[in-house]
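To start, the structure itself, in structure tokens.
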Amino acid sequence: MTDTTSALLRRYHGELATRQQHGLWRQSSDNAVAESWRNFAGNDYLGLAQDPRLVKKAQQHLERWGVGATASPVVSGFTAAHQSLCDQLCDWLGYPQAILFNSGFAANQALLFTLLGKDDALFQDKLNHASLIEAGVLSPATQRRFRHNDMAHLRQLLAKQTQSSASLIVSEGVFSMDGDVSPTESLATIANQSGALWALDDAHGIGVLGQEGEGSISRGARPDILIVTFGKALGVAGAAVLASPTIIDYLRQFARHYVYSTAMPPAQAALIEDAIRLARTEHWRRETLSAHGEQLAQGLRDWLETTSTFEPHVGNRQPFPQLLATPSPIKPLIIGDLAALQQVNQAMMKAHIRVGAIRPPTIPANTARLRISLSAQHQKTDITALIEALKPVLASDKACEVTP
């Protein structure tokens, strides 16, 4: 069968062509080719991914444990290295039990697929990660999405429930595209008042927020279920869910992503524990992130606000480009127009600077942006180079065009 005779393949060709025509084509590139470039596109917030001490530790753990777990955790894949990591997580984050997964995507999907039944209700922030939204759509529960960080809307949705169904509220600690944080104390109050369980995906908060990098729980409220990932600020890979013994036991018994998947390599579990120790004790990493954020804001946002080439305010619409102020290392620079974003991104590549160029459908239409991701590994000179590379291209008229 050829590509032209299969109805499915014809459909794929058509959808791929449409994506290319709309300038939304995704592609992977070899990061090794651009190792000498300044990288503002990753999530290595604490600069641990290339830390020489962790590289050496990884070699030692591989010699001790080998390269793979060889089996599911419930068969023979769970080792003392996995248990030690769970113990460290519980000590760090103050939960009684933890369960490990191979990725944040798997952890989120396992959570919603396992804990929710057909008579249950799921309430999610509209800007939750795709893994959560997709799991909500595919789960047997009824999913309702509340406007981003809109607690009044969440209360309205909860009040509209016509039957006494069990409920789960899910939000994120730090939202990956806007870099803002959720109102955790309000979420806790609403969950308590409604009798719902509350889960928080803290993939982009863990390691970054808090005195010891404990993430969003440092802001006061503690969710019933906490999801943390190890491939961002901790620089490795994998994820964990922390909760009460009842919830963790339930996941261990019924979560297919856990029961039927090979466990993460024990050497990886041991390395994650090493990364957590550094994240907890090396406070300078978070201090450096804060300083980088201040430098970027002062050098770029102030310049944007005072440069006359940008379009004026129209009604309540903000001028473009616009640097969003965030409490996280994620600093979105909203360009608005897709063609203008591509122009800015090409200019960054010519300057050997990598920045995430984020486009619909990942984000809403007309909010195309550069997702500037800061790292403790960056130097002041890197931030200066980014600012100076952005100024000339942002000053052009094309960078200010916004599709109505």
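If you read the sequence from its start, that first residue is 1, and numbering goes on from there.
Atom CG of residue Leu132 and atom CG of residue Asp125 lie 10.0 Å apart, to the nearest 0.5 angstrom. Note that CZ of Arg147 and NE2 of His153 are 4.0 Å apart. Values are rounded to the nearest 0.5 Å. Here the straight-line distance linking atom CD1 of Ile372 with atom OG1 of Thr326 works out to 10.0 Å at 0.5 Å rounding. The structure places CG of Leu390 at 9.5 Å from CG of Leu323, a figure rounded to the nearest 0.5 Å.
Side-chain contact between Glu273 and Lys57 is absent, with no heavy-atom pair separated by less than 4.5 Å. Contact of the Arg369 side chain with the Met177 side chain is registered, since non-hydrogen atoms from C-beta on lie closer than 4.5 Å. A heavy-atom distance below 4.5 Å is not found between the side chains of Glu172 and Ser182. Contact check for Glu134 versus Phe105: side-chain heavy atoms found under the 4.5 Å cut-off. Looking at heavy atoms from C-beta onward, Leu89 lies out of side-chain contact with Tyr95 at the 4.5 angstrom threshold. Counting heavy atoms from C-beta outward, Phe175 and Asn128 have side chains that approach closer than 4.5 Å. Counting heavy atoms from C-beta on, the side chains of Val344 and Leu394 come closer than 4.5 Å. Under the 4.5 Å side-chain criterion, counting only non-hydrogen atoms from C-beta, Thr184 is in contact with Arg219.
Judged purely by distance below 3.5 Å, without hydrogens or angles, the side chains of Gln161 and Ser167 pair a donor atom with an acceptor atom. Between the side chains of Arg155 and Gln193, at least one donor N or O lies within less than 3.5 Å of an accepting N or O. Using a 3.5 Å distance cut-off with no hydrogens or angles, the side chains of Gln83 and Asp87 do pair a donor with an acceptor. Using a 3.5 Å distance cut-off with no hydrogens or angles, the side chains of Arg371 and Asn43 do pair a donor with an acceptor. No hydrogens or angles considered: a donor-acceptor pair under 3.5 Å links the side chains of Gln143 and Gln124. Side-chain N/O atoms of His61 and Asp274 include a donor and acceptor closer than 3.5 Å.
The closest donor-acceptor contact from the side chain of Ser194 to the backbone of Ile190 lies under 3.5 Å. A distance-only check finds a donor-acceptor pair linking the side chain of Ser218 to the backbone of Gly215 [under 3.5 Å]. No donor-acceptor distance shorter than 3.5 angstrom exists from the side chain of Arg38 to the backbone of Ala351, with no hydrogens or angles considered. Listed for the Gln109 side chain is a donor-acceptor partner under 3.5 Å among the backbone atoms of Ser131. Between the side chain of Asp51 and the backbone N or O of Arg53 there is at least one donor-acceptor pair closer than 3.5 Å.
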Please tabulate, for the side chains in residues 255-272, all donor-acceptor contacts under 3.5 angstrom to protein atoms that are two or more places apart in sequence or on a different chain.
residue, atom, partner, partner atom, Å
Ser261, OG, Asn102, ND2, 3.4
Gln268, NE2, Ala237, O, 2.8

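At most 12 non-hydrogen atoms from other residues, nucleotides or ligands lie less than 6.0 angstrom from CD of Gln298. Atom CE of Met151 sits in a crowded spot, with more than 12 heavy atoms from other residues, nucleotides or ligands closer than 6.0 Å.
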Between Thr79 and His82, does the side chain to side chain donor-acceptor pair (under 3.5 Å) criterion hold? Intermediate values first, please.
CA-CA 5 Å; Thr79 68; His82 297 97; 2.9 Å; yes

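Ser139 pairs by the side chain to side chain donor-acceptor pair (under 3.5 Å) definition with nothing, not counting sequence neighbours.
Residue pairs that meet the side-chain hydrogen bond (donor to acceptor under 3.5 Å, both in side chains) test with at least one member in residues 199-211, sequence neighbours left out, are Tyr45-His204, Asn108-Asp201, Asp202-Ser216.
Considering all non-hydrogen atoms of both residues, Thr229 and Leu234 come closest at O-CD1, 4.2 Å.
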